[in-house]
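Source: prediction; values computed, not measured.
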Amino acid sequence: MYNLEQFKKDLAFFEIDLSEKQIDQFMIYYELLVEWNSFMNLTAITEFDEVMKKHFIDSLSLVKAYERIRNDEIEVIDIGTGAGFPGIPLKIAFPQIKITLLDSLQKRIKFLGEVTERLELRNIEFIHGRAEDFAKQNGKREKFDLCVSRAVANLSTLSELCLPYVKVGGDFISYKSEKIAEEAAVAEYAIKLLGGRIKEQKDFILPDSDIYRNLFIIEKVRNTPVRFPRKAGTPAKEPLSK
């Protein structure tokens, strides 16, 4: 039904080996994405090869920056997951992880619930709400080994939304689609204030494409001060700066 040659080639590029069941899960996910996108706004990208590359493979490219995702039973949170990227592809490929998907739109959470049910995914949790609100709750604050986000926001804002969820010794990884040396320099103050340290960044081109990707890795080195994150909306309107 689908030509999977390029998808399998891209998986091999990242040394990701999937079973037939996992491949089938990706195909069902694709079909649900297109179906639900016909009546609600999930993604502007719906053509098969583009979804495979720009959503699925891009999500899985995390392995370039975070080897633990392959085998460790870690707890991961995806902030601003939208249609489930990168969280659902990571969960399909690496089923041993426990993952929490957070999004502010109830309709998207409903879609993710349908995907999870159809794919029979386990150890997956959904949070409907703002990242600023749930980071104040003891149950989620500084609980996760890894926080990931493909959300579109500057690194200062994302760090304030994401670092409070990461335990000391854990990491926050931001997916970026452009060179962000200047953005990173501006964010360095915020990252340090929030208990983080810029660890490294991995930039690369997705295989057989001209799509540039940049994974920005921030290590949590000490607890985030309790006053962060600030109230909902403030991190985006007034990013932390000197």
Are the side chains of [Y] and [X] in contact, using a 4.5 Å heavy-atom criterion?
| X | Y | result |
| --- | --- | --- |
| Lys242 | Leu193 | no |
| Leu155 | Phe216 | yes |
| Glu142 | Tyr165 | no |
| Arg108 | Met40 | yes |
| Pro235 | Phe228 | no |
| Phe94 | Val63 | yes |
| Ile97 | Ile69 | yes |
| Glu114 | Arg118 | yes |

Taking NZ, NE, NH1 and NH2 as the nitrogens, is one of them in [X] or [Y] under 4.0 Å from a carboxylate oxygen of the other?
| X | Y | value |
| --- | --- | --- |
| Lys220 | Asp171 | no |
| Glu219 | Arg197 | yes |
| Glu125 | Lys98 | no |
| Arg213 | Asp58 | yes |
| Arg230 | Glu132 | no |
| Lys8 | Glu5 | no |

Please determine whether residues [X] and [Y] belong to a single hydrophobic cluster, defined as Ile, Leu, Val, Met, Phe, Trp and Tyr linked transitively by side-chain heavy-atom distances below 4.5 Å.
| X | Y | value |
| --- | --- | --- |
| Ile77 | Ile109 | no |
| Val166 | Val226 | no |
| Phe13 | Val51 | yes |
| Leu161 | Val152 | no |
| Leu146 | Ile127 | no |

From Phe126 CZ over to Lys110 NZ, what is the distance, rounded to the nearest 0.5 angstrom? 13.5 Å
Looking at every non-hydrogen atom in both residues, tell me the closest pair between [X] and [Y] and how far apart they are.
| X | Y | value |
| --- | --- | --- |
| Ile79 | Ser149 | O-OG, 3.0 Å |
| Leu163 | Thr224 | O-OG1, 3.8 Å |
| Ser104 | His128 | O-NE2, 3.1 Å |
| Ile74 | Arg68 | CG2-NH2, 3.1 Å |
| Phe111 | Ala83 | CE2-O, 3.5 Å |
| Pro89 | Pro86 | CD-O, 3.3 Å |

Between Phe85 and Tyr175, ring centroids under 6.0 Å: no
Centroid-centroid distance, Tyr29 to Phe56, less than 6.0 Å: yes
Main-chain N/O of Leu206 paired with Ser209 side-chain donor or acceptor, under 3.5 Å: yes
Exam field: side chain Glu15 to backbone Ala12, donor-acceptor pair closer than 3.5 Å: no
Residues [X] and [Y]: side-chain donor-acceptor under 3.5 angstrom:
| X | Y | value |
| --- | --- | --- |
| Glu160 | Thr157 | no |
| Tyr212 | Asp203 | yes |
| Asp72 | Gln96 | no |
| Glu178 | Asn214 | no |
| Tyr30 | Gln25 | no |

